[in-house]
Structure formats: C-alpha cells, structure tokens
Amino acid sequence: MRQRPLGQSGIEASVIGLGTWAIGGWMWGGTDEQDAIDAIRASIESGITLIDTAPAYGMGRSEQIVRQAIAGRRDQVVLATKCGLVWDTGKGTPFVMQNGHQINRYLGPESVKHECEQSLKRLGTDHIDLYQTHWQDSTTPIEETMSALLDLKREGKIRAIGVSNATISQVEEYRAVGPVDSDQEKYSMLDRDLETVNLPHLLGKNIAFLAYSPLANGLLSGKVTPHREFSGDDLRRNNARFSDENRQWVANVLREFKPIAKEHAATIAQVVIAWTLEQLGVTHALVGARNRKQARENTMAGDLILSAEELKQIDQAIEQFSEAAAGR
Ligand SMILES: NC(=O)c1ccc[n+]([C@@H]2O[C@H](COP(=O)([O-])OP(=O)(O)OC[C@H]3O[C@@H](n4cnc5c(N)ncnc54)[C@H](OP(=O)(O)O)[C@@H]3O)[C@@H](O)[C@H]2O)c1
C-alpha cells in the first residue's frame, strides 16, 4: 500500500484509511462487533495503517472496538481520533442527539484535554498519532483550542494535529498558532464542492487532505440495489440521496466505469476509491468497512492506479449524467 505523509508530522500513513464511524453503530442501524473487529484486522493485514475513529461514533463504542481489534498490533497502526463532540457538558452549541444524550460542539481547552485522556483510555494506548477537531465550535476562540492541542503534543499524548469540517479561514486561524498536519473533509464523486475551496487552498502547504465518505456512505460501492432497505437509525433511511430515482442515476453513472474496472480486474468500489485518490490535493481516502469482505475489497484499491485517460472518461461520465439529470 502506498504511504503518504500526514503533513509535517513526520508520520506516513497508508493512502487508504479505514473509517470506523459505522463500526460505532450510531446512525448506521447498529453494528456487529465481531464483523467490525474482523474488518479492522483484515484492513491491517491487507496493508492499511491509518485507522480513523472518534468518541462520537457510538459514544466511545467505535474507539473501544478499535482497541480490541488492534490489541497486540498498536505499532502497526497510525491511530487517528477526534475531539469536539461532547455529551458531558452543557457548554458549546447543540449538534445532534445520540441515544437520548445531547451532543454539543465544544472545543474549550479543558474539554479537549479531558477528551484526550478519555480517548487514550478507550483506545488502550499512551499516544494518539493524529488528533483532530471533529467539528468547529463557535464559542471557543481557535487560538485557545490550538494551544491545548499543542500542550498535548508537547506532553507526547498526541503526535500530529488535524482539523475537520473546517473552513479555510478556520484552518488559517489554527495555523497562525501552530502546525496543522491534516484537514479531514467530505469529498467524493458526488461531493466535489471543496475542489474550489479547501483543496486548492491546502496545495503546497504540507497539509494532508483526508477525504471522508468517498463512497458517499456506500452509495458509490456499486452494491446498493433498488431493493436494499435501511433500518433503525441508519442515516440512509428516508435520505433523498438514497431515493429510488437517485439510486438509478448512480447506477447509470457507475455502469460507465465497468470497462475500466474490467481492464484492471477491479470492482466498481475500487475504481471509485482509486479515482478519489487521484484528485488534485487529496492525499488519503477514509473508507468505511463493516466486515472483512468490504475491508479487503476497499484496501486493494490502494494499489490501483488509473491512467489520465481513464480519469478523464470517469469525469466525462459523471458530467454527462449530471447534465442529463439537470435537464430532466
Ligand atoms: N470528520 C467527519 O465529520 C466525518 C464524517 C463522516 C465520515 N468520516 C470518516 O470517514 C469514514 C468513511 O466515511 P463513511 O463511513 O461515511 O462512508 P463511506 O466510506 O463512503 O461508506 C462506507 C459504507 O459503505 C458500505 N461499503 C463500504 N465498502 C463497501 C464495499 N466494498 N462494498 C459494499 N459496500 C461497502 C458500508 O456500509 P453498508 O455495508 O452498511 O452498506 C460502509 O459502512 C468514516 O468511517 C469516518 O471515519 C468523518
């Protein structure tokens, strides 16, 4: 698996990272712990080093499952987690409810340090490789948050600092205080807005861009059939993006990638992930996997290199179908 630097931290991480949001169960209709552990171990065995989690993913559950899965393999993993979505204080601003608990966006310095201690315990480690602010908090000056993160770095509890869901001006506010090693943002074939904002802004600044939800929550895996139903709190249930009409539209686009997939003996999901990694400024793709099979399939995309001509064909197919949909 190809490795790329996490900013100026000196840490190299596999271009594909395993995302463990769904593994926490919350907003994904629950989780199967054994499948989740198998997915994490299969990812590591197939060459993934970067594992991304967060306290908010199941209120600690994802981090705890990661701990179980990496027991005895901590040194093979670049462990990334986050701070800033909290449920133990009324401070900050309301974000979302989870299992009857109010989750707030809050990045006060005392909270960041407390959260770090909690994550270290849940992950069963003495250091976090990449510590990221999950969502930005309008109630705390960024300077205060960044000072707390720099303290944690000096203490050896975290090795690199990242941000997520941040505007470019927020990125710059962090950078005015100390080095930012990564920016984690939503980016996929269906979510390309940042091609004119964060991506060009970060170019040449030695900051990794971690694309999250590159399969658009599974919609681009090529396996969401018209009959697939989502249950419980799965975010895809009653979601316009997963409407019958949109599934059909996506299926039409993905069909165009089949000759490319065939040429590389690859799957559609692998072509989609490989395309993501070739986009200007994208350094890593964080892909979710719920079981061993998905983990192996996704990991293998890390070594799939698409030619300039193939990338052009993919872009043309997306454009062609988008124009047709707009004119509908
Ligand atoms: N910073 C943030 O605010 C933020 C937000 C979102 C995500 N993230 C990070 O990015 C990671 C990835 O994003 P994501 O989980 O939203 O979405 P994703 O990677 O776009 O899609 C993951 C989902 O697609 C399905 N899938 C994955 N591989 C598949 C395959 N080979 N074949 C068929 N289905 C497959 C699985 O769901 P099913 O099996 O249930 O269909 C899986 O949970 C997260 O886990 C998290 O680490 C961060």
Side-chain angles (χ1 to χ4, degrees), residues 16-32 35-36 39-40 42-43 46 48 50-58 61-63 65-66 79-85 95-96 103 105 130-136 162-166 182-191 194 198 209-225 228-237 239 241-242 247 250 254 261 266-276 282 284-302 304:
I16 295 181
L18 174 68
T20 64
W21 176 20
I23 276 174
W26 169 61
M27 292 182 77
W28 286 84
T31 188
D32 180 307
D35 278 350
I40 297 167
S43 298
S46 314
I48 279 191
L50 179 60
I51 297 182
D52 180 71
T53 180
Y57 300 162
R61 195 163 180 206
S62 171
E63 288 188 327
I65 292 175
V66 169
L79 201 46
T81 191
K82 313 187 187 83
C83 57
L85 292 186
F95 183 57
V96 67
I103 310 279
R105 291 189 196 192
L130 176 64
Y131 203 42
Q132 308 153 98
T133 54
H134 200 158
W135 283 85
Q136 303 308 311
V163 299
S164 179
N165 300 301
S182 66
D183 181 19
Q184 178 178 151
E185 302 292 340
K186 186 193 252 189
Y187 182 77
S188 76
M189 278 178 188
L190 302 183
D191 298 286
L194 295 191
N198 295 43
F209 183 93
L210 279 46
Y212 77 62
S213 306
L215 292 177
N217 307 127
L219 185 58
L220 294 171
S221 67
K223 297 190 192 113
V224 179
T225 63
R228 172 95 187 260
E229 285 182 17
F230 299 105
S231 59
D233 71 345
D234 198 311
L235 74 155
R236 298 168 292 186
R237 196 177 166 191
N239 180 334
R241 188 161 257 191
F242 285 80
R247 285 184 206 197
V250 168
L254 297 181
T267 65
I268 294 294
Q270 288 167 342
V271 170
V272 171
I273 298 166
W275 175 92
T276 309
V282 174
H284 301 78
L286 297 175
V287 196
R290 310 264 260 176
N291 52 47
R292 186 184 287 132
K293 189 163 179 273
Q294 290 180 356
R296 290 217 175 105
E297 178 179 348
N298 299 346
T299 307
M300 281 164 68
L304 170 55

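In listed order, ligands and their atoms are each counted from 1.
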Problem - Over 12 foreign heavy atoms within 6.0 Å of CE, Met189 - result: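 Yes, because the 6.0 Å sphere around CE of Met189 holds more than 12 heavy atoms from other groups.
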
So which heavy atom in the protein is nearest [atom], and how far is it from that ligand atom?
atom                    : value
atom 19 (O) of ligand 1 : Gly288 N, 2.8 Å
atom 12 (C) of ligand 1 : Leu286 O, 3.1 Å
atom 36 (C) of ligand 1 : Gln294 OE1, 3.5 Å
atom 31 (N) of ligand 1 : Asn298 OD1, 2.9 Å
atom 21 (O) of ligand 1 : Gly218 N, 3.3 Å
atom 41 (O) of ligand 1 : Arg236 NH1, 2.9 Å
atom 44 (C) of ligand 1 : Trp21 CB, 3.6 Å
atom 5 (C) of ligand 1  : Tyr212 CE1, 3.1 Å

Problem - Derivation of the salt bridge (Lys or Arg N to Asp or Glu O under 4.0 Å) call for Arg241 and Asp191 - result: CA-CA 11 Å; Arg241 188 161 257 191; Asp191 298 286; 2.9 Å; yes

Could you report the tightest heavy-atom contact between [X] and [Y], atom names first, then the distance?
X      : Y      : answer
Ala295 : Ala39  : CB-O, 3.4 Å
Gly222 : Ile268 : CA-CG2, 4.3 Å
Gln136 : Ser164 : NE2-O, 2.9 Å

Can you list the atoms of ligand 1 that are under 4.0 Å from a heavy atom of [X]?
X      : answer
Ala22  : 43 (O)
His134 : 1 (N), 2 (C), 3 (O)
Asp52  : 9 (C), 46 (C), 47 (O)
Gly19  : 11 (C), 44 (C), 45 (O), 47 (O)

Minimum side-chain heavy-atom gap [X]-[Y] below 4.5 Å:
X      : Y      : answer
Met27  : Asp234 : no
Trp21  : Trp26  : yes
Trp135 : Ile103 : no

Handout entry: Val163 vs Ser182, side chain to side chain contact (heavy atoms under 4.5 Å, CB included): CA-CA, chis, key distance, verdict
Key = CA-CA 6 Å; Val163 299; Ser182 66; over 6 Å; no

Looking only at distance, does [X] have an N or O less than 3.5 Å from an N or O of ligand 1?
X      : value
Phe230 : no
Ala269 : no
Leu215 : yes
Ala289 : no
Lys223 : yes
Trp28  : no

Exercise for the section: Pick one of side chain, backbone, both or neither for how Ala216 approaches ligand 1, counting any non-hydrogen atom pair under 4.0 Å. Expected result: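 The backbone, only.
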
Handout entry: Region of Thr267 that comes within reach of ligand 1 [heavy atoms, distance under 4.0 Å]
Key =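 Neither part.
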
Fill in the blank from the handout: From the list Tyr212, Phe95, Tyr57, ring pair (Phe, Tyr, Trp, His ring centres under 6.0 Å) partner of His134 resolves to Tyr57

Handout entry: Distance, nearest 0.5 Å, that separates CG of Leu220 from CG of Leu190
Key =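 Those atoms lie 4.5 Å apart.
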
Practice task
Could you grab the distance from atom CG of Asn298 to atom CG of Leu286, nearest 0.5 Å is fine?
Solution key: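 Answer for the CG-CG pair, Asn298 versus Leu286, is 12.0 Å.
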
Completion exercise
Closest to atom 13 (O) of ligand 1 (heavy atoms only, candidates Ser221, Ser213, Ala285) is Ser213

Practice task
Can you figure out which of Gln184, Met300, Arg228, Arg296 has its heavy atom closest to atom 48 (C) of ligand 1?
Solution key: Gln184

Practice task
Test Pro214 against every option in Ile16, Val272, Thr276 by the side-chain contact (heavy atoms from CB on, under 4.5 Å) rule and name the one that passes.
Solution key: Thr276

